[in-house]
Amino acid sequence: MYSKVYGAGITGLEARIIQVEADVSNGLPVFHMVGVLASAVKEARERVRISLQNSGFRIPAKRITVNLSPADLRKDGSGYDLPIAVSLLAASGMIPKSTDKSILMAGELGLDGHICSVQGALAMAMQAKKEGFQRFLLPKQNAREAAMVEGIDIIGVGTLIEAVEYLKGILELSPVRVDLDALCRKFEENNWEDFDEVYGQEPAKKALVTAVSGGHNILLIGAPGTGKTMLAKRLPGIIPLLVREEAVELTKIYGIAGLLREDMPLVFRSPFRAPHHNIPAAAMAGGGKDPIPGEITLSHNGVLFLDELPEFDKNTLEILRQPMEEGRIHIARLGHSYSFPADMIVVGAMNPCKCGYYPDINRCRCTQGQIQSYLSRISEPLLDRMDICVEMERTDGREVKSRGKSSAEIRRVVQGAREIQTRRYQGEKITRNSQLTGRLLKKYCRLGKRQQSCYADLLDQLGLSARGADRLLRVARTLADLEQCGDIQEAHLLQASVYKSINRKYWGMEAGYEG
């Protein structure tokens, strides 16, 4: 007898519907599985057989063939166990056969018949809805994640017996529902460290607020102990909650990467990723035979913090150049190409030299050659992509009279600036000032005569590349939004130019090289 059910697999960041066909016929007892299978899927044969046996189902000693199609697509992961088991039971006449696209299945089977969680449940549910499936049968642990997709019934099951009884109509299971607003309220409290715990450093704080408000990359330079890392780690507290579309997209990414918490199936806060400087290039970009998201993609809609920036491997840093420019990262593996979202804010922190005290000649122990060698680890093309470069100096705590604004106060300012950008770019394919390019830059960053003259003078003084000139204008647009100014003023251009000129003090050259 023949049967067919539907499962799903993950390719990159997207799900693919897989037909799981089973044929049970007379002949020598054998169990074949075909369809370009990875080792995890090949091992499903034993998991399924023993799970069925321990659940009280006896598969006849006949010739069994299971095919996973399309045959030209490599199948990986353990989520095919449940559809394989159901297909075998249907082909053996133990449950009703159904070949229409009414129900999708996914789940890993334990040897005792319980159903374990899988990765990428949200992506599978989204694809199931897109292709017209009415129900999605999957592990209970993944049900709330998948339930974020509306228009399809999400059915969570805990054991193979429970799944079979549901398919036979013996057991009634209600579709899982998720109240996203209630979830957000439950986890709304801010557990991040607060900005008001950092005394002084007001220029650096303003630069960080500007970076977060407009989505700009920022580089913090200063001696050890000036508070670079301390400020960067407080960034999550001033970033507003994600909107629904951003949250669903990020949840899909984290679900595929296996990083979702069972008690919190939704990523509603912008991520803050801080990889160690010994991270390999593949982990930064994403890798594997079937690439999974790397740190760059896991930072999408959030912050990628690179502490001790010059200590990172040069190849690892150079990978950042494309996503910093395009907001996406492109990966090629085994004849296939993948494009992952990577619209993040890169925050770099570094000392100005190996000992950390340059340009304080009284404390710095480095020679000029050592200083240049250390700074040269940051390439000019990468430096050019830093919209804001700010120098941090030591502050004497005894001289600071009071704390600055709290994270909650700053977050309201950031939210106001972002709302201005959201209204301005309605109908466009962008949401933040950092995404302005070409025609849109000219349209939304128009300058008056005096501002044009000021802008031209600044470009001559700084010797910026075309890329650097555009980035200066974007930062000026954000500074104007923070002050709720409809037009960019000279003061905004001058402040933005300060952010682009600090690097010349250290690198001693114009950031004009095009990479």
Side-chain angles (χ1 to χ4, degrees), residues 1-12 14-53 55 57-111 113 115-116 118-121 123-124 127-128 130-139 157 160 163-164 167-168 289-290 334-336:
M1 295 178 65
Y2 167 85
S3 73
K4 177 172 66 176
V5 300
Y6 292 91
I10 300 296
T11 303
E14 302 299 328
R16 289 284 301 270
I17 302 301
I18 304 297
Q19 294 183 18
V20 181
E21 302 173 293
D23 181 79
V24 178
S25 57
N26 294 325
L28 292 175
V30 67
F31 191 159
H32 284 305
M33 289 183 59
V34 295
V36 191
L37 313 177
S39 59
V41 184
K42 292 178 181 178
E43 292 169 354
R45 177 174 55 192
E46 290 303 307
R47 285 197 301 272
V48 169
R49 185 179 64 82
I50 297 175
S51 180
L52 286 169
Q53 176 181 305
S55 298
F57 302 103
R58 183 175 296 278
I59 299 298
K62 295 186 177 182
R63 184 178 183 84
I64 298 173
T65 304
V66 174
N67 175 47
L68 277 64
S69 64
D72 61 343
L73 179 68
R74 185 173 181 270
K75 291 84 177 176
D76 199 0
S78 57
Y80 299 106
D81 291 7
L82 180 59
I84 289 172
V86 171
S87 184
L88 282 175
L89 291 172
S92 302
M94 299 182 191
I95 60 175
K97 288 192 291 184
S98 175
T99 59
D100 64 336
K101 279 192 172 184
S102 62
I103 184 166
L104 184 73
M105 306 176 199
E108 176 186 339
L109 291 177
L111 298 185
I115 301 177
C116 309
V118 296
Q119 296 180 4
M124 294 177 188
Q127 189 65 26
K130 182 179 178 180
E131 298 203 16
F133 286 88
Q134 300 169 11
R135 293 173 292 169
F136 184 17
L137 191 68
L138 77 169
V157 289
L160 180 58
V164 171
L167 293 171
K168 293 173 71 174
K289 291 182 179 179
D290 294 309
L334 295 176
H336 296 278

Checklist entry - Excluding sequence neighbours, so at least two apart, what forms salt bridge (charged side-chain N to carboxylate O under 4.0 Å, His left out) with R49? => result E46
Next on the checklist: Using every non-hydrogen atom in the two residues, find where I115 and P139 come nearest and quote the distance to one decimal.
Outcome noted: CG2-CG, 3.6 Å
Checklist entry - Does some side-chain heavy atom of L111 sit less than 4.5 Å from a side-chain heavy atom of S51? => result no
Item to check | Taking every non-hydrogen atom, the tightest pair across A163 and L82 | outcome: CB-CD1, 4.2 Å
Checklist entry - Between G113 and S55, what is the shortest heavy-atom contact and its length? => result CA-OG, 3.5 Å
Checklist entry - Under 4.5 Å between any side-chain heavy atoms of R16 and P70, yes or no? => result yes
Report, one line per pair, each donor and acceptor closer than 3.5 Å where one atom sits in a side chain of residues 22-41; sequence neighbours left out.
unit_1: D23; atom_1: OD2; unit_2: S25; atom_2: OG; d: 3.4

Checklist outcome for this item: For S3 and A91, the nearest pair of non-hydrogen atoms, with its separation, is OG-N, 3.5 Å
Next on the checklist: In the structure I gave you, are the side-chain heavy atoms of S92 and P60 within less than 4.5 Å of one another anywhere?
Outcome noted: yes
Item to check | Inter- and intrachain pairs under salt bridge (charged side-chain N to carboxylate O under 4.0 Å, His left out), touching residues 75-88, at least two apart | outcome: R47-D81, R74-D76
Item to check | Separation between CD of Q119 and CD1 of I10, rounded to the nearest 0.5 Å | outcome: 9.0 Å
Item to check | Any F136 side-chain heavy atom under 4.5 Å of M124 side chain | outcome: yes
Checklist outcome for this item: Between Y6 and I103, the two heavy atoms sitting closest are CB-O, 4.1 Å
Checklist entry - Are L89 and L52 side-chain neighbours, meaning at least one heavy-atom pair lies under 4.5 Å? => result yes
Item to check | Flag side-chain contact, heavy atom, 4.5 Å: L137 against P83 | outcome: no
Checklist outcome for this item: Correct closest heavy-atom pair for E108 and S78 would be OE1-OG, 2.8 Å
Next on the checklist: Using side chain to side chain contact (heavy atoms under 4.5 Å, CB included), reason through E21 and S69 one step at a time and then give a plain yes or no.
Outcome noted: CA-CA 8 Å; E21 302 173 293; S69 64; 4.2 Å; yes
Item to check | Intermediate values then yes/no, side chain to side chain contact (heavy atoms under 4.5 Å, CB included), L73 and T11 | outcome: CA-CA 9 Å; L73 179 68; T11 303; 4.0 Å; yes
Item to check | Separation between CD1 of I64 and CZ of R45, rounded to the nearest 0.5 Å | outcome: 11.0 Å
Item to check | Beyond-backbone contact of V5 with M105, side-chain heavy atoms, under 4.5 angstrom | outcome: yes
Checklist entry - How far does CZ of F57 sit from CD1 of I95, to the nearest 0.5 angstrom? => result 8.0 Å
Item to check | I18 side chain reached by Y80 side chain, heavy atoms, under 4.5 Å | outcome: yes
Item to check | CZ/R63: more than 12 non-hydrogen atoms of other groups inside 6.0 Å | outcome: no
